[in-house]
**Q** 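Can you keep this structure in mind? I'll have questions shortly.
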Amino acid sequence: MESQNNNIDKYFKKISDETQPKNFPGMDDVWNRVEKKLDKNEKKRAFPLWKYAGIAASILVLIGVGSIFLNNNSTNIIQQPEPTIVSIEEDSINDEVITLTEKDKFVPEGLDQEETKREKKIVSEIAGDTNLLKEDIYNAVVVSELISEGISEKTISVQKETEPNLNVASAKKVIDSKVSVKTITGTVTDYFGLPLPGVNIIVKNSTIGTQTDFDGKYSLTADVGQTLVFSYVGFESQEIEVTGSKTTINVQLEMGQELNQVVVTAYAIQREKKVLGYAVSQPNNNSVQKTLSGRTAGVLISDYESIPASSDNVKIRGINSLPNNSQPLYVYDGKPLSFEEIQKLNAKEIGSISILKNQAATNIYGSRGSNGVIVIQSKKESEKNKKIIGDTISFNDLKIMFPLVESNQESYESFIENQFEGALHNPVSTFSIDVDNASYTNIRRFINNGQTVPKDAVRIEEMINFFKYDYPQPKSKHPFTISTEYSDAPWNPNHKLLKIGLKGKDIPTDKLPKSNFVFLVDVSGSMNSPNRLPLVKSSLKILLEELRDDDLVSIVYYANNVGVLLEPTKASEKEKIIEVIDQMRASGGTSGGAGIELAYEMAEKSFIKGGNNRIILATDGDFNIGRSSDEEMLKLIEEKRKSGVFLTCLGYGMGNYKDSKMEILANKGNGNYAYIDNIQEANRFLSKEFKGSMFTIAKDVKIQIEFNPKHVQAYRLIGYENRKLRNEDFTNDAIDAGELGSGHTVTAFYEIIPVGVKSEFYENNLDLKYTQNTSKSNEYADELATVKFRYKKPDGKNSIEMVHPITKIPVKFENASKDFKFASAVAWFGLKLRDSKLVSNKESEEILKLAREGLHNDTDGYKAEFIRLVESVK
Amino acid sequence: MEEHLIIQCRKLHRPSQKRVYELLAPKLYLTCKRYLKKEEDIEDTLTEAFFTIFTKLDQLKENLAFEGWARKITTNLCLLHLKRNVNFNLYLEDVSQQPLAENSNETFLEEQDLLKLLNYLPEGAKTVFILFAIEGYSHKEIAEKLGISEGTSKSQLNVSRTKLKELIEVYYSQKTVNYGISK
């Protein structure tokens, strides 16, 4: 990656170096301005030449001012210029009278042609600035020169042919303008004359600004010629230019028409008009795609002309997503449409297109908006909205602009439920175990909130595995025991149900291997809400309680940057660790990739051989910017998995978002994941289930079952759709599978259609030409199936196999174990929620009855809670 | 830049100053164009820059170092302008004013395309990238110049590299011209 970086740098540098400079359009303009500035500057530099003149002129002016005061009562000198005549004293006795005439234009000696020209230029500028006559200026200078030489002004007389002389006021202005930066003060009042505190005053085109105090007074520095802008909410702004004379500017503000314009996006009010993440454009083209392309920043339409149109062409920039599906969501007049349907739209009917990115998109549209949302409105709809855009917006208006879409459409990665397979031609089924139960907590949340459970959020295996079942403890060298049970399927009396249970060894706490935990905490800005970072902190403290003195804890954070908050510390130093946890604050971006790297580094640094080395990632799922970074991160995790460090992902505050991100990370990284939506869940996962969640006793656990076609006509695996493996992968140790934690149980159900049963859900009509249509001989006649397990020791590389035959004799349903009844009730409920096409009887009543029958061993009350959930869903 | 011109400029010889301007302005224009988007900003900055160059020429000791010195002044002025108007910690996308190219028939990146790509970066990230990769400043120097932390500089650099890689991939993946980019 480093070389790639260098290459990018070199590439751009090379191109920029090779770029040929050429004359640019404004070149002459700029030169003129530069010249003007240089001239002005040299006028300033020439000023020292005239320093004496300046000082003298000031004296002169002061005298002039003084005399005006004596002569006149006018208070505002500037507005009423009084001509002053250089004093002529005629009763001088001894002094020479020096009379200046027009001919005595001041030509300083010793200057060459250039400099004289400059002098002339300067004078004309002053003349231009102040409306003084050039002669007057020269005269003023001459007079002051003479004065500075000691000649009393009394003796100087000025005679001119043309009219009025020195305009003292203007001269003062000239001098004033040399000292340009002034301190301006004043008071700002409202219409009634009452002072306004908190009024914003800025100097236009600069960074200077201030606010009025409680008395409405302010003070700031500004150059002559600059403009002060007074603004205040609810009032009309005023702009006042700083002139040469006034140092006090008082302002009275008028009531404004409306308050500052507020733009509402995603139901959160933001004051700035510039809204990031929201781009609007008006289409005027013939095809929808053409309309989208090039019209709006951040929308990439790749070569739509050369590549046959497909939805892959449209990507909204800046979108991150872990699954490779990076399609934005298209909403047309409130309905989500697929890309193909969008293409069929008549572009002429389109009124407006809005593109939402990032937070704006997901806040309104949920997880489907994680790739951005393109909201297209027909002309009719946008007519309704025209008056809305730009004005103050109410929530009702928002609903029209961004109609909420029903949430039971495509919110999760959809999968098709497992169908029945014929045992004759397809006798082997392979899958990876799954001990995560986030789907159940998710479903629980939906039902408790009174929402419909999205079908694709239902993962039956996770629901079943949420509960505790009575399986015998392993005693042998293997880390788990296998138990099977075969009885009727409660939802279809013609079918049977095979339950396979795995129970992981419950390691007593003192025998647990030493732990080396790295807490990797996302402290980016999005973690700021109360159900995120604060809950993370509580979770970590709960986890801390479970650790023994010798366990190591380190903390790594990531936001804009990544860093180590706590070096590996013994869990015995609880106070120190708690202190560091409490200090965490959320702000900034999300460098997840760099965070993971650093976390793995830390874990490897303090790696305990034979111990439990684990990274615990706590985040809200908002990973980096850019698709490639996510891919890199996944690759990294896959790499690091080999190092023997496990990964547990804790998702916080994720609401209804697509939860596949967490799952993918945990799977890639040999680990598990959970959603911590409140403190109870934190307690359950990190404290009660601590040993199961945190200590792996077997990794890459796979199950393969071969059915005996003599007894089994067809079978189907309930759930585990995302966990299916190819049969060949069973013995392939490179294939990653699930991890079993200490004390964990895993349960899987196969629905079986026995031989001889006619079922409406399965048709065996394959008549093969080359393969035998009948089963093998009578060997293994009383076996229903054989199930094999493969697992690796936590630090092992090779897998170990266990074989377990299952007898064909079913147990009568009423004699089935309570656990069988309860577990099948849970499976049944899951099938109901998924609206399974292979289950005809979905009555809640029956599910409830079954669950109640199976209720036992429920110290935590979770099973009772389940029953309550079923009751609320009809 | 011929030395005698510089010497004359020191004496405030206007025609020499003009000549220097004519030779140097196109180059400095390019420099400004990297950092600033608006023409008027560029023109303002160039005016400021040349004014400074000509009036502060006495601060330059070595005549031969004139061009580099002038470029530094220009860069600093651009950064000053940016510092006032840009939030260097911004990660969200800036709304770029330039529409996409509708035909990518070019077989190699031209200067226009380069600038276009850069403009897709958030302004803060773009500035850091230019300073680091093109001008060759270190993170420490960049941090000082922009008034940000070194860490911010590094992460902004990463942001820009990542984005640029993506952009290059998307636009020019068909034409894999070997400019030294390895996959």
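Chain naming here is simple, since letters A, B, ... match the order of the sequence lines and numbering starts at 1 in each. Side-chain atoms are counted along with the backbone in the values below, which use heavy atoms only and exclude waters and symmetry mates.
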**Q** Which is it for A/Asp39 and B/Arg14 under the side-chain contact (heavy atoms from CB on, under 4.5 Å) test, yes or no, and what are the steps along the way?
**A** CA-CA 10 Å; A/Asp39 290 337; B/Arg14 189 55 60 85; 2.8 Å; yes

**Q** Among B/Gly136, B/Pro26, B/Ala25, B/Ala133, which residue has the highest count of heavy-atom pairs closer than 4.5 Å to chain A?
**A** B/Pro26

**Q** Hey, which of A/Leu38, A/Asn23, A/Asp29 has the most heavy atom pairs under 4.5 Å with chain B?
**A** A/Leu38

**Q** Just verifying a value: how many Å separate B/Asp44 CG and A/Asn205 CG, rounded to the nearest 0.5 Å?
**A**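 Atom-to-atom, B/Asp44:CG and A/Asn205:CG are 9.0 Å apart.
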
**Q** Is there a side-chain contact between A/Val34 and B/Gln17 (heavy atoms, below 4.5 Å)?
**A**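 No; the side chains remain at least 4.5 Å from each other.
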
**Q** Taking only residues two or more places apart in sequence or in another chain, which ones pass side-chain contact (heavy atoms from CB on, under 4.5 Å) with B/Gln8?
**A**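 side-chain contact (heavy atoms from CB on, under 4.5 Å) check on B/Gln8 returns B/Lys11, B/His13, B/Ser16.
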
**Q** What's the spacing between A/Lys37 NZ and B/Thr55 OG1 if we round to 0.5 Å?
**A**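 Output value for this atom pair is 9.0 Å.
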
**Q** Measure from the side-chain N and O atoms of B/Tyr29 to the backbone N and O of A/Met27, and report whether any donor-acceptor pair falls under 3.5 Å.
**A**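 No; zero donor-acceptor contacts below 3.5 Å.
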
**Q** Tell me, do A/Phe24 and B/Leu46 make a side-chain contact under 4.5 Å, heavy atoms counted?
**A** yes

**Q** Less than 4.0 Å between a side-chain N and a carboxylate O, is that true for B/Lys18 and A/Glu35?
**A** no

**Q** Evaluate the side-chain proximity of B/Tyr21 to A/Val30: yes if any heavy-atom separation is below 4.5 Å, no if none is.
**A** yes

**Q** Do B/Phe54 and A/Asn41 have side chains that approach each other closer than 4.5 Å (heavy atoms only, starting at C-beta)?
**A** no

**Q** Which residues satisfy the side-chain hydrogen bond (donor to acceptor under 3.5 Å, both in side chains) test with A/Lys204, sequence neighbours excluded?
**A** A/Glu239

**Q** Which value, rounded to the nearest 0.5 Å, describes the distance between B/Glu48 atom CD and A/Arg33 atom CZ?
**A** 9.0 Å

